[in-house]
Every structure is written in structure tokens, then in C-alpha cells.
Q: 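Shown below is the structure under consideration.
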Amino acid sequence: MRTGDPQAPGPSAETLVRAMAGTIPTRGRGAARFRDVGLLLAVVLLAAVTAVRSPHFATAANLQRIMLDISLLLIVATGQTMVVLTRNIDLSVGSVLGLSGIAVGFLLKDHPAMPVTGILLLGTGLGLILGAVNGALVAWGRVPAVIATLGTLTVYRGLVFIHSGGQQVNPQDIPLQLVAIARPGALGVPVMVVMAFVIAALGWLLLRYTRTGRAMYAIGSNPDAARMRGVQAGRIVFLTYLISGALAGLAGVLYAARFATVNPASAGVAFELQAVAATVIGGTSILGGRGGVPGTFLGALLLGTIANALAVSGVSGFWQRAIEGAIILAAVAVDSLIRQHSFKEGARRV
Amino acid sequence: MSRERLRELAVQSGPELLLVALFAASLAFSAWLSPYFLRVTTLFDMTSQFMELGLMALAMTLVIIMGQIDLSVASILALVGVVFGLLSENGVSLALAIPAALALAAVLGMINGWLAVAFRLPALVVTLGTMALYRGIGQILLGDRSAYGFPAWFVSIDFRYIPGTPVPLPLVIFAAFAVGFFLLLHRTTFGRLVYAVGNNAEACRFSGIAVDRLQVAVFTLSGLMSGMAGLMMTSRFASARWDMASGLELDVITTVVLGGTSIFGGRGTITGTVLALFVIGTLRYGMGLANVLPQNQSVVIGLLLILAILGPETGRAWQARRRRAAVRKGGELQASKAEVSAR
Amino acid sequence: MAHDGRTTEGLRTRGLTKSFGGPPVVRDVDIDLRPAEVHAIVGENGAGKSTLLKLLAGVHQPDAGEVIVDGNAVAVTSPTVARSLGISLIFQEPTLFPDLTVAENIFMGRHPVTARLPMVRWRTMLSRAAALMESIGARIDPARPVGELSVAEQQLVEIATALSHRARFVLMDEPTASLTPREVDRLFAIIRDLKARGASVVFVNHRLEEVFAIADRITVMRDGAKVGTWAAGELSRDEVVKRMVGRELGRSPERPHVQPGEVALEVEDLTAPGRFRGVSLSVRRGEIVAMAGLVGAGRTEVARALFGIDSFERGTVKLNGQAVRFRSPREALRAGLAYLPEDRQHQGLIQALTVAQNMTLTILGELSRGGWLDRRREQELARRQVERLQVKTPSVNSAVQNLSGGNQQKVLVGKFLIARPKVLILDEPTRGVDVGAKAEIHRLIVDLAAQGMAVLVISSDLPEVLALADRVIVMRAGQVAGELSRDEATEESIMRLAVGTGPTAGGRKAL
């Protein structure tokens, strides 16, 4: 159980499992529980094997790297989880991340003395606007979510190029106070990691403890019944896109802090695949209605560990995309099987 | 009566007329950008840039009419290109490598269809996964390099013409496939089934139609056409890379939707897709002449996609509201008329 | 007719009327619901009972008339408004969130929250749900996802939801349709308890023995209008049946007696748990057998199983003497068995396609010449069917959605006839069809039988059953309640078997 130790601010494995069991109070849902525990075991096993095989894995610097990677993914995937819970999807998050990173980076070139809070708010605000466009298209324009966000994925990425003129943001343009949030802070933990955990926790609270969050589950589980109960589906779907956009925008700023460069051609490219993969592998059903942030946390943990394990084991990073694709396929297939087995005939009217 | 007939005709061919107008506009735009554009040779050569897109859009038209979507087409193109490149590099004769590459393409498409049917998943979820998986496999196989060294007869397909004419070979190939797909969709029982399933899969099941089998077949066809496109692009660039045609699925879907095929299935034509292809191709080419970066061109394509869906959706919603108002007025006749004109 | 205009407490309606484009489904209905009573609404299929409930619950809006609660006229514009008025409707098919827990299904949108922050108090919610479930004597863990529950258990969740709203008017649409006898007993105990707490329970049901077991008053509806309301003690079951049927109970028009040929379809002991049990029947060539029964009796389910849409657990099916078990409609059609689904809109026709395209869908393979669609033959075959069935359409190339209901039905018939089946099952062939087209469809069915086809007609329209059938099989609660010969069959005898007042299961076997 090595992975638990270095994550001082994070919950221990045991509390995690307990938290998960409490996500949705379930009993007798062996398959779903099995998946959660299985995920955790997979992470542990992978970490153990990699630690044995490579001396570069279990070093403080590397574990820090894993945590930073996971933080970025966790923030975006938390928003994605809400979108997917309502039976939608947001493929534009990678481009929103890129656009926010570039916009903020170029702004910092001219105003290097901006306060960190202001920078973070700016990125988040930009993401909010981009998310609002997605939300309006899906919730009120009745454009299928995949198509709408595939379109905005391209449009936003194009805006990245237009805004940057193809130029990247270089390390000397990123002020130190911003870079500092991705460096070990007071307790040896980067501020960015703390932020990620706080956001995930807030997302978990929203989904589990507010009527709005519960309505997200209701919409995904049975849209007709939700309407009968007076749930305002349009507004809530719009809200999930706002949140997803805002978090991707925030992640753009954090990306700039973490890597100190923002390249228009690579920042956030294909990041939507990671976000979707983390979400579905964590047990959030692609057909909506079930899942949650704790599962997504495990999904992000696994993806981050895999990517890092590949890197330190000397396996080419080229494997990452294929693995993400395979993971998405496996996760949705498993979800489909669980769904078909656990629900009695006629209970679900899609 | 004849006026009504005329109006019906206008409504029916409206999208096509609009596309022709758009095509003319993008031609004019490009001509204005470059004095060389309107030369016959330039016009013909331009087409070679988007024939791969065209090949995939033909099959995607069937996929979308059937009520599904295939996000993995560009990834299949890339993986097939990569595998073909590796085969060729390893001395496999092209007489073998070409059929092998096409067979692989068909299998990749078949996997899409099979996964969707077997796990009762929407194809868009499955192909979102295979979109990453297929391209990822290409990345693993070839790494960050290009496969090249193809025999001279295979490369530069876009510089081969029908002897004595300025007509390039890719255009000829596309035209042949376009005719083929037109016949397949509009003249065969297979095409009829595609429409029927896209309109109402349940009624088709009740009519004794093997809906699942049809779905697998259409996805296989989509894979095969992506493979064709992969070979064509490999020939054009004389090389293959894992990231070739990156993001091209967006152009493919945009072409089909712009061509009047309903994203919700059931309606669409090959003619519309072909017209839309030339609109998008010309637009991209024109923007290229104007030194607009490819990524920036995509902004236009993305906007076009969203508008192409939003437009008819809003129109339909508006018509539905009018129809409901008509019903409330008690005029069922009016309502049925509004319905006819909505078609 | 009991009618107390004095009391203001309770719910009354005045002149409630609703149509969905066609003739009114609910016509000028006055009904009153008193506190602490169980009020049963009975009537044939299509009498307007469910629509009436939906009007009260705000699912539909009335075209005319008003709803009066405690003396005040109210506008029930949505289910949410209805609930705030204390009106809760429990649907025949529960409308719940399968992924969410029992507790949450009960409290969706009204989760108990903490005083300071709007945070859901799960523990409070779970214990309240547990208390609610217990108060109706249901032993269901409130933390279980509803998708794992049986239909009966899901219904209990709906009832608990109504209770949690402090519903004073609990409307139940055929709550016992899919329950086992034991579950029905438990439901009745709950209903009596609701009544004891002062609620008025409206109970739409087809099974008269259940109605008489629980109802204080009975309202009979027919063709969208109220026939009357009586205290349960005032009427016998037979009198209720008579009022439900309402027509002059004359003999049906004669049709030439045909000598049936050999058995074409033979079904024995067909069983699919939860849907139907031990169903045996046979249809001979040249014979028209009607399958009567109330909605939910399992008739459509049997037909679907025969046609290879759903599976069945055990039993044998013989087609022309050969044992068959179809796994898809494709196999069934090839073997010569056709089924015309009841739901024209979704299962029968493809609305956007033309008459010709719809009609030839079942025989596309025959129209293919090496894959090419033989359009000339398609047009010709379709035209022939249109002529034969007298479909009124501008041309065979008009979209089906522009035709009237009766003509759509004819297209549906044509679509399956074109496949030349030997056994034809028609499910509610004249529902939503005007009188003229109905007569034509009847004539067509008779002609088909005369030509030697074996015909099984599922119908809830008793005059239709009597006009067509050589034999009537009556189903009730997933079983064959009895079989009547042409001479024995009357509207009353059929209805008695269907609602369960006559001689029960397997009574007599004709032939």
C-alpha cells in the first residue's frame, strides 16, 4: 500500500473505500462495489510492479509528478462527471483548457505582475463563458451533445491558434508566483494539488448533498420521470456545462503553472479522452444516472499511474492513447453488462 | 395544384439549391483571393485535396441516415495508412499489402458495429473509444516517424491524370464511388433498409428485418471507405504517419450534415453529401489560398457543423409550434398541410 | 345516483372534457371524491378512465370543465401543482429513477435539508423513507436502488411517495395489473389504511371481484362519459357489467358458417413467468379465433412470444404441425406467421416512408434482383394491395403519415399480407379507425379466412369480437380464463370471464 502514503492531504485508502460505499448508499450491488475495489487494487498492483521494476518510480520527485498530473485531470474530470451523469458529454474540455492557458499566458506577457487569484479567476471565467456556449447548444439548441461539443472542440482549438498566432507561451513569460502553485508549498504539497482535492470534494458535496446535484442523477436516470417531478432539466444540464467549462478553464491556468509553457498545438489536445476515460472507468455510466466523483478520483488515479508507469518503465508514451481508448471501451462495456444484469425487465425505459 | 406542386418541389430541393449557391459563393470567394484560381487546371487539381474526405463522407452518409454515427473514421484512415506503410517497408508486395490494408479497414469497422450491437451501446460511445484506440495502435506501431519508401507507381496519385485531360485520378475514383453509393443508397434493397432502420428501427424488427446485421454491415462499409481514403492519402503524401488526418472526422460529419442528412437519422441523400463536399472543399482550399492556417479553417468548419444542425432543428421546432397552433385553431387540415410542407 | 352537493370537502369535477384531436376521450364528466372513501372507476377499454385520472393529476389539461377542491375551483396545470393540492397519481407503469435509491425516489426535489446550508440530510431521508415504507407494511430497504425492485415493490415506492406528499386524493391506475394475489392483498390493506387516515382513494380496475372487495362507491364509465355512480352495495357484478357494456345486447350479424380445415397454429402450455402462464390455444385454417380480455391480461404478450419478439420459458408451438420456436420476427415471417402490432405508430409503420415502401418492407428480399431494388415490381405489388384493400391514398408514393388512421391500418394489413402468411395475428386491428374503414377491415378479415387463412384477432372491442369470431378465447391475468363457441359468446359472457365473475380458468373447451 505505497500509493496512499505520499498523499498526505488526500484521504487514506480505507476512508476512501468507506467514502465510496457512502456515495450512494447501496447494498447488494456487488458488481459496482467490485469495480471500485478492483480499481484501487489495480492502482496498487501497478504501482508495486512498477516500483519493483524501475528505481525511478517510487521517488519523491516522481510521486510529486504523478500527483500534479492527476490533479489536472481530476479537476477537469470532476466537471465531466456531472455532464456525463445527466446523459451528456463534453468533448470540448481539452480545447477550453488550451484556450484558457494561451489567453492567460499572453495576458501575463503584458501584465506579469497580476495577482495569482486574479489569473485563476480569469481562466475560470473564460471557461465559464465557453461552457455556457456548449450548455446553450445542448440544453436549448437541442444539438446532440457529442456533435455540439465536437464542433466547439474544433472552434475553441481554432481560437487558440488565432489568439496565439501560432506562438507558444514561454517559461520566461510565466511569472514565478504562478509557477509556485505547482511547486511544493508549506507542507511539501503543491497548492495546485490541494486545489484539486478541494474541487473534487466540493464536486462530491454538490452531487451528493444538494438537491441540484441529485437532480443531475435524476435527469440521467429517467428524464421523463424527472420532468414529472418538476425537475428543470434544461437549466440543470446548462449548469453542468458551465461547471465543466469553468473547471477546464481553471485547469488551463494550472497547466501553464505546471509546465510553464503553453503550446497552442499540444496544450490540452486529446485531454477530453482522458477526462471521459477517468469518468467512465470510475463507474459513472455513459448513459447517465449513476456514478460520482469518488469513482472518478479512482479513475484519474489509475490513468495517472498508468501514464507515469509507462514513462518510467521506458515503455513509449505512445501507448497512452491506445490504452485510454481500450479503457473507455472496457468501461462502457462493463457498465452495459452491469446495467443489464442488475435491472429487472421493464424497470428502465430509455 | 400546380403552384402547390411547385412549392413542394422548392421545399424538397431547397437544401440542394442552397448548397449550389454556397458552392458558387465559395468559388467566387476563392477567385477573388487568387487570380489563378479560376483556371481549369487549378479547379481540377484543387479537388485532390478533399477526395479522401469525400470517400469517407459517402459511407458516413449511410451511417448517419441509419441513425448512428462513426467518430472513428479518421483513426481508421490513420491506422490503415500506418499498417500499409509498415507492410510496404518490410518488403511486402503491394499486390498483397493493398488488399490486406483494405481487409483490415473492414475489420476495424466491423468491430465498431459489433461492439455497439453486442453491448447495446450507442455507436457514438463505442466509436469514441475506438477513435482513440485505433489511432493509438497506429502510434504504438509506428512511433513518431513516417513510413515511406513506396514504389514510384503507387505515390502521388494526385499527379496522375486521365491521359489528355486535366482530370486527376482521385477525382475519378471518388466519382466512381459516388455513383456506386448513389446506386447503393437509392436503388438497392440495402439502401432502402438503411432508410427504414434510420426512421424506425423497431418497426423494422417487427417487419422481420435483421437490424443488427445491417448495422454491422454499414459500419464495415464505413471502415472500408476509411481504408480506401487511407491508401489514397498515403499515396498523395508518399508517406504515412499515426497522426495523419487528425480531426478529419469533424469534416466528414460536417459534410454529411451540411448535405442535408438529418443527424437524427432517416433522411439524407448522396447528392447532398457530394454538393456539401465541394462546398467544404472549396472553402478550405480558398482559405488556404488566403493563407488561413488549417487550424483556423477548422473554426469555420466547426461553426458550419453547429449551424447546419441548429438551423433545421430551429426551423423544425418553429414549424412544429405553428402546426400545434393550427391544431388548436381546430383546423386539422391546416395541420396536415403544415406537415406536408415541413417535409 | 349518490350525489351530495352540500359537502364542500373533497374533490369534484364539473363538465370535464378532453379530446386528443379526434372525438372526446372524456366527455362532460362530473365526479365527486369524498374523504375517507375508496372510489372505483370501471369501464371497458377506452372508456376514458385513465385519461380522467391524468386530467385530475395535471398530466393533461382539460379542454373544458373544472376541478373543484374543497369548494374552490383550481387549475391543475402540472403534476407539481396537483401534488401541492394533495392529488397524487400512481401510474400503471411506475415512473421512477431506476438508478436511485428508494428513499431518493420518494423525496426527489424535496430532499430534507439542514437548516443552515441546503445540504441533503441522508440519514433523515432514509429513516423517513423507512418509516413511510413501514407504515404501508412494506419491507423494502430504503437504500436499495429502485431498478432492482419488482414492479409490485416499485408500486409501493410510488404509494409511499404519494403518502410523503400527504396526498388526500390518491389516484391509482390499474394498480393490480401486474401483481400476484398476495401482493394484491397487501395493496388492499394499504388502501384501507389510507382510507382510515381520511384519504380518498380512486381505484381504476378491470377485475370486478377486486372492485367489490374494496370499493365503497363505483363509478361506471362508457365511451368517455360517466354512466353513473352507485354505492357498492347497490349493485351486483352482473349489473355493473351490463352498465359497462351498455349496448343493446343483441346477437351479432351472422356470417356464413365455414368448415374449418386442419389445425394451422397450435399452442400448448405456453408460459413466460410474469407475463402469461399455461396458455393453450389452436387456430384452424379458415377459422377466425378472437382473443378477448382486458388490457394487461397478457394477450399481446402471448402474440409477441409467438412472433419471436420476446422469449418464453416453456410450452410448445406448432405451425402446420411442425414444432417451431422463433427467435426473431424474421424467422416467423419466413415460416408463414405474421403479427400486426397494435402500435401502428412505433411498431407497425414507418411514418415518413411511402405506402409502397412500407408495404414491401416484409418482402424486400423478393424485390431484390442481385441486390437491385425492382422498383417497377414494388410499385405494381403495392398498387395491387392498395386496390385490393381499397386504401384511400393519392398514390402509392404518398407518405404514410398523411393517411387517416383507417387507411394506415389497411397499409399495415397489406404490408403483412404481401408476405403471404398462413397464420395471421392481428392486434387491435380497428383501434382508432373510423366506422367505414372498420367495416371494410372486418370484411377483409372474413375474406382472408374464407380463402383458408388461419386468423387470430386480439380485440378489446366486444361487438367486433362477436361479429368476427368463430371461437372466442378469453384471457385474464395472464391465463386463459375460458373459451366460448360462437353460439355461447355474448358481450356479457365474455366480459364475465374477462373480469372474473364467471366460471373460471379452463372452463369449457370448444371442439
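As a basis for the values below, the full set of heavy atoms in this structure was taken, side chains included, without hydrogen atoms, waters or symmetry mates. Below, chain A is the first sequence line, B the second, and so on; all start at residue 1. Owing to the predicted nature of the structure, the values given are computational and were not obtained by experimental measurement.
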Q: Heavy-atom pairs under 4.5 Å with chain A - which of C:Met119, C:His111, C:Arg110 has more of them than the others?
A: C:His111

Q: Chain A heavy atoms under 4.5 Å from C:Arg83: which part of the residue, side chain, backbone, both or neither?
A: side chain

Q: Within the supplied structure, the quantity of interest is the number of heavy atoms (other residues, nucleotides, ligands) at a distance under 6.0 Å from C:Arg166 CZ; does it exceed 12?
A: no

Q: Which heavy-atom pair separates A:Arg208 from C:Trp122 by the least distance, and what is that distance?
A: O-NE1, 2.8 Å

Q: Taking all non-hydrogen atoms of both residues, which atom of A:Ala226 and which atom of C:Phe97 are closest, and how far apart?
A: N-CE2, 3.4 Å

Q: Counting heavy-atom pairs under 4.5 Å with chain A, which one of C:Pro118, C:Gly58, C:Ala103 comes out on top?
A: C:Pro118

Q: Relative to chain C, which segment of A:Leu206 carries a heavy atom at a distance below 4.5 Å: side chain, backbone, both, or neither?
A: neither

Q: Where do C:Leu96 and A:Asn222 come nearest, in terms of heavy atoms and distance?
A: O-ND2, 2.8 Å

Q: Check whether more than 12 heavy atoms from other residues, nucleotides or ligands sit under 6.0 Å from atom CD of C:Gln61, and answer yes or no.
A: yes

Q: Report the residue from A:Arg211, A:Arg214, A:Arg229 that forms a salt bridge (charged side-chain N to carboxylate O under 4.0 Å, His left out) with C:Glu104.
A: A:Arg214

Q: With a 4.5 angstrom heavy-atom cut-off, is it the side chain or the backbone of C:Thr114 that approaches chain A, or both, or neither?
A: neither

